[in-house]
Structures are given as structure tokens and as C-alpha cells.
Amino acid sequence: MPSAAHTPRRIASLQPSATVILAGVGELGRVVACTKHCADAVPEIKLQPHTILADSWTANADQIISARPDLVIASVPYQEKSVVEILKCGIPLLGLAPKKLSDIYTDIAIIAGAVGANDRGQRLIEGMQRSIEQVRSRAAGLARPTVFCEEWGKPLIASQAWVAELVEAAGGKFLGAPGKQITAEEVARMDPDILIAAWCGAGDRVPLEKIVAERKWQGTRAARASRIYCVRDELLNTPAPTLIRGLNALASAIHPEVFTCTEGIRQITLDPSSTVEKVRH
């Protein structure tokens, strides 16, 4: 474990997941700069002084330097221009590129180690694993409906591999290749039982009715059964402990007979003559 004298005291977080992890290990006070999206994932950041920065994709060297950090944490892969901006700051960079839940656990351990909070990091990892296994155990033996979950709409991109793992833990069967582009026609042919949208940066504002109509998904099993949902962006697209809240939302969509309604999920009911929307908190 690094000594206190050698741990970063002023961190610039260009990634909400890093901010969530730092909060989870009790070191949010080290974050002196972060993106506007960090406040969506970690509202308590608003209670302390901090500078708002561009994110990993649109990084600006002058912004970062002005915050005077001694460590920058960002997500990869970046746009080439952004990585140049970060590197020319001359400030140590920790780049994260998780794909699976196991990668996320590694990121938690690395960040916790960097700030001298190894034990708290391990407890955070174990807490996530315990929560996931509890949901998996409750869903075991239930029917496994098929689920298409998307992280972006234009182009249409399936959610990441860690979301696929959470869908499976919640008792569903993930359709499509995680993180890959797919056509609306391919999704229609797969005919999912459940449709879930969690668009990056969109919060809970995905226009569900519009995309179902534009993509001609009205005939899918999901639409006929009114199993079409929006899950808040930060709950599924933040590779950090926030995912447990996303898992709870997924579980309530996949097996509402077992899991109660949770925060961060919205469902629409499609009717031949009208579209009625109800919000689930």
C-alpha cells in the first residue's frame, strides 16, 4: 500500500465510474475536478468544491491543468484527439477500459490501491459480488425470458458485456453481441420478450414510443406484452457499484413476479389506439 505521502491528493475524474468508486471507498474528497455526468452518478459531489471538466471523449488540456490535479482518471478507448489532450498535461494518467464485471472489480482494486484504501476497495468488491449473487439465487429456476438491451439508438448498439452478465444474473437471456452495432431488423427477427433502453447520457429520457414505432417493433413479443422499459443511463452504463441499482431495475423488468419495482425504471404500455406511459420508481 502506498504511504499517505505518495497517494494522489487532487484527482481529476473524467469518468463517472471513477467518481463512484472513489465515493465508495470514502475518498470523494480527493476529487477536485470531474465531468457533469459525475453528479448524476454521485449527487454528493455537488456538496464539495469541484471544477467541471469535459469527459474522456472531449478532454481539454487547459481545463485539466487549471484544476491542478496530481492524477487524472479517464476511460479508454478515447478519441485520438482526446488522449493527446490528456497526455500533453504531463500529469499521471490512469486509464480504465472494463468490459466484464471481473474488469470492474479490478478497476475498483486499482483505484482503491492508488488512494491507500485497499481494504475498503475489497469490501466494495465483495459487497457488489454478494448483491449480484443474491439476485442470481432468487432468479434461479425461473423461466428465462429473452432480453434486448441497448446502450445507444443511432446507430443501434447493444449494451456492454457487464450488462449482459447482469441480465443473466437477473434471470434473463441477453440477445445480441454485447457492445456491438445491430440493426432494428435483426432485433425484430430475434423477437425479444423484453426490450430495455439505457442510452448513454440520456438519463431516463429515451423516447420509447418513438423508437418502437420508427423501428417497426410493434409486432414483437415485448411490445405485444407491454414489456418495454427505459433504465436510467447511469445505472447500467457506469461500470462501478452503481450497477447494483441497475441490476435491481433489470430484475424487476425481467421477473416482476419476484422482484419489486425499483428506482430508475420506466415502462410504457402500448395500446392499438393510444400510448399510455406509466412511471415506476
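What you see below is based on every heavy atom in this structure, not just the backbone, and it leaves out hydrogens, waters and symmetry mates. Values in this document were obtained by computation on a predicted structure and should not be read as measured data.
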Side-chain donor-acceptor contact under 3.5 Å, Glu126 with Gln122: yes
Transitive ILVMFWY side-chain link Leu101 to Ile110, under 4.5 Å: yes
No-hydrogen, no-angle side-chain donor-acceptor test under 3.5 Å, Thr19 and Ser13: yes
Identified side chain to side chain donor-acceptor pair (under 3.5 Å) counterpart of Gln160 within the set Lys99, Glu151, Lys100: Glu151
Thr146 versus Asp193, side-chain donor and acceptor atoms under 3.5 Å: yes
No-hydrogen, no-angle side-chain donor-acceptor test under 3.5 Å, Thr183 and Glu186: yes
Heavy-atom neighbours of Arg10 CZ exceed 12 at 6.0 Å: yes
Salt bridge present between Asp204 and Arg266 (N-O < 4.0 angstrom): no
Heavy-atom closest pair, residues Ile73 and Leu96: CG2-CD1, 3.9 Å
Carboxylate-amine/guanidinium contact Glu27 Arg9, below 4.0 Å: no
hydrophobic_cluster_shared for Ile65 and Leu14, side chain cutoff 4.5 Å: no
Side-chain donor-acceptor contact under 3.5 Å, Asp55 with Thr58: yes
Verdict with reasoning, Arg215 to Glu150, per salt bridge (Lys or Arg N to Asp or Glu O under 4.0 Å): CA-CA 13 Å; Arg215 297 169 181 174; Glu150 62 184 76; 2.7 Å; yes
Leu22-Ile52 co-clustered via ILVMFWY side chain contacts under 4.5 Å: no
In one Ile/Leu/Val/Met/Phe/Trp/Tyr side-chain cluster, 4.5 Å: Trp199, Ile268: yes
Non-neighbouring partners of Ser66 that pass side chain to side chain donor-acceptor pair (under 3.5 Å), sequence neighbours left out: none
